Every structure is written in structure tokens, then in C-alpha cells.
Amino acid sequence: MPAPATPKPGLSVFLPAYNDSGTIASLVITSLKTAERLTPDFEVIVVNDGSADSTAQIADELARTYPQVRVVHHEKNRGYGGALRSGFASATRDLIFYTDGDAQYDPAEMEALWAAFNDNVDLVNGYKISRSDPLHRIIIGRVYHHTVKILFGLRVRDVDCDFRLMRRAIFERVVLEKNSGVICLEMMKKIQDAGFRIAEVPVHHYHRAFGKSQFFNFRRLFKTGVDVMKLWYALVVRGEHRRQSAVAPAASAHLPPRSGDGV
């Protein structure tokens, strides 16, 4: 008699969105169709980070139409880090996938990350095959990537590729605090230093078809530089996250109940 098939793990997909009314519907539908091919136990969460356009209304209509969709609304914009933290806190399944609501990544490619996931992997990190951005953004991005990789001793190929599949249990030990865009740097440094196992998969990066980046202006670049150096002092010089990890299991009590079977 053949052994029963191992149940597939549950999957939470979340999409942080800020003024993404032109893209969020197609991303949610693609995420639903892709997740359905991967596992019978899934949810799709839109984190509306205080959008000023019709993102909130579109997300609410999607939630009314599809029972697997729900929406988290921020009354005011909290920043990219705040949106990610809400997404991780809202996820209820054993695996979490997220990507941005601006459609510069294709949620259908989460299948490639899923295929790379196994018992010896805790996080599958996407890395851009090539960056589909204006030249100045490509140059700034490369300078930033190489700088933070050296400063923080990171081993991943692409710190800021917001296309990741990970175990929800990571956040029983890793506590995220940043509300700005440096949360990706904070997250990958803390995950690496906690000893979690990381695999990497190439993914496509597409030209932004709707809206504009909130990041690339002098004021934000300066603020990001300051945030990076503060984070470097906290994590590299003081090693504050290593002390946090010793008490993080107590914080896991604040996570929502787990749903489905683990990998």
C-alpha cells in the first residue's frame, strides 16, 4: 500500500501597495492563480499603506470577489518597512511569499521559488536577472548594493530584490523594527546572522508601467544613507539583534495561530 502523500504547506502571499491602483488587481489575480497551483491552503493579503488613489477601493472589491483575499489598511502611510511588517504580522500560513504592488516583478515566478524550497532551506531569495530601470537608478542601485554588502558582510546576491519565499517561523527569532526601505537590509542581515539557510533563484525585473518610485530623490537618498549608517552601528558594531534573538521566542506568542502543515 503506497504511503500517503505529504500535505503541502500553507502559503500566505502578501502585496504591499502604495498608490498602485493601476497594477494591484492584476497582481492579486495572478497571485491567486499561482498560489492555487502550488497548494490548496493559501491566502492573498493586500497591505494598503495609506494610498491616496483608488488602491483601497480596488483591494476591497477584490476581497469581496475572492474569499482567499483580505486587505490590511493603514490610515496613514507608514513607509515600506511598515507595510512589510504589517504583511508578516498578518500572514497565518507556514510559508510567506511577498512582492511589491507596483508590478516590477511577476508573482507567477513564485513557482520558481517554491520549486527551490525544501527541508534544508528556510528562505528563497530572488535576484534580478537584469534591472529594468533608468540608467541613473541602475547605477545608484549597484553602488548601494556593493556598499551594504561590504558594510554588513552579506552573502546574498541581491539584498533589495523584493521577491521572497520564507518560513513564517523565522519571525519567532527575527524581530523587524524599521519602517523605512532599509528594512530589507535589516531583514537579510538578521536572518543571515541567525543562521537560517538561504537559497537564491533568478527572477525577471520589469519596467514600472504605472506610477513612480517614491525613493529616488535627493532627500530620500540622504535619509536612506543616514538610516543605513544607523543600522550598521546597531547591527554590526553593537550587535543588538544578537541580544534580541535570545528573547525573541517570547515575542512569537504574538504571532497569529499557524494554519496548515509545515514543510
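A quick note: this is a predicted structure, and the numbers were derived from the prediction, not measured.
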Any donor-acceptor N/O pair, T23 side chain to G101 backbone, under 3.5 Å: yes

Under 3.5 Å: donor-acceptor pair, side chain of N125, backbone of D158: yes

Parallel, tilted or perpendicular: ring planes of F14 versus Y98, cut at 30 and 60 degrees: parallel

Exam field: side chain T39 to backbone P9, donor-acceptor pair closer than 3.5 Å: yes

Expected output: side-chain D49 to main-chain N77 donor-acceptor under 3.5 Å: no

E111, CD: over 12 other non-hydrogen atoms inside 6.0 angstrom: yes

Polar side-chain atom of K190 near backbone of V175 as donor-acceptor pair, under 3.5 Å: yes

N/O donor-acceptor pair under 3.5 Å between D20 side chain and Y18 backbone: yes

Expected output: side-chain D100 to main-chain D102 donor-acceptor under 3.5 Å: no

Flag, side chain of D122 to backbone of R167, donor-acceptor distance under 3.5 Å: no

Salt bridge (Lys or Arg N to Asp or Glu O under 4.0 Å) partners for D193, two or more places apart: K189, R242

R197 atom CZ: more than 12 heavy-atom contacts under 6.0 Å: yes

Donor-acceptor pair, side chain of Q192 and main chain of G153, under 3.5 angstrom: yes

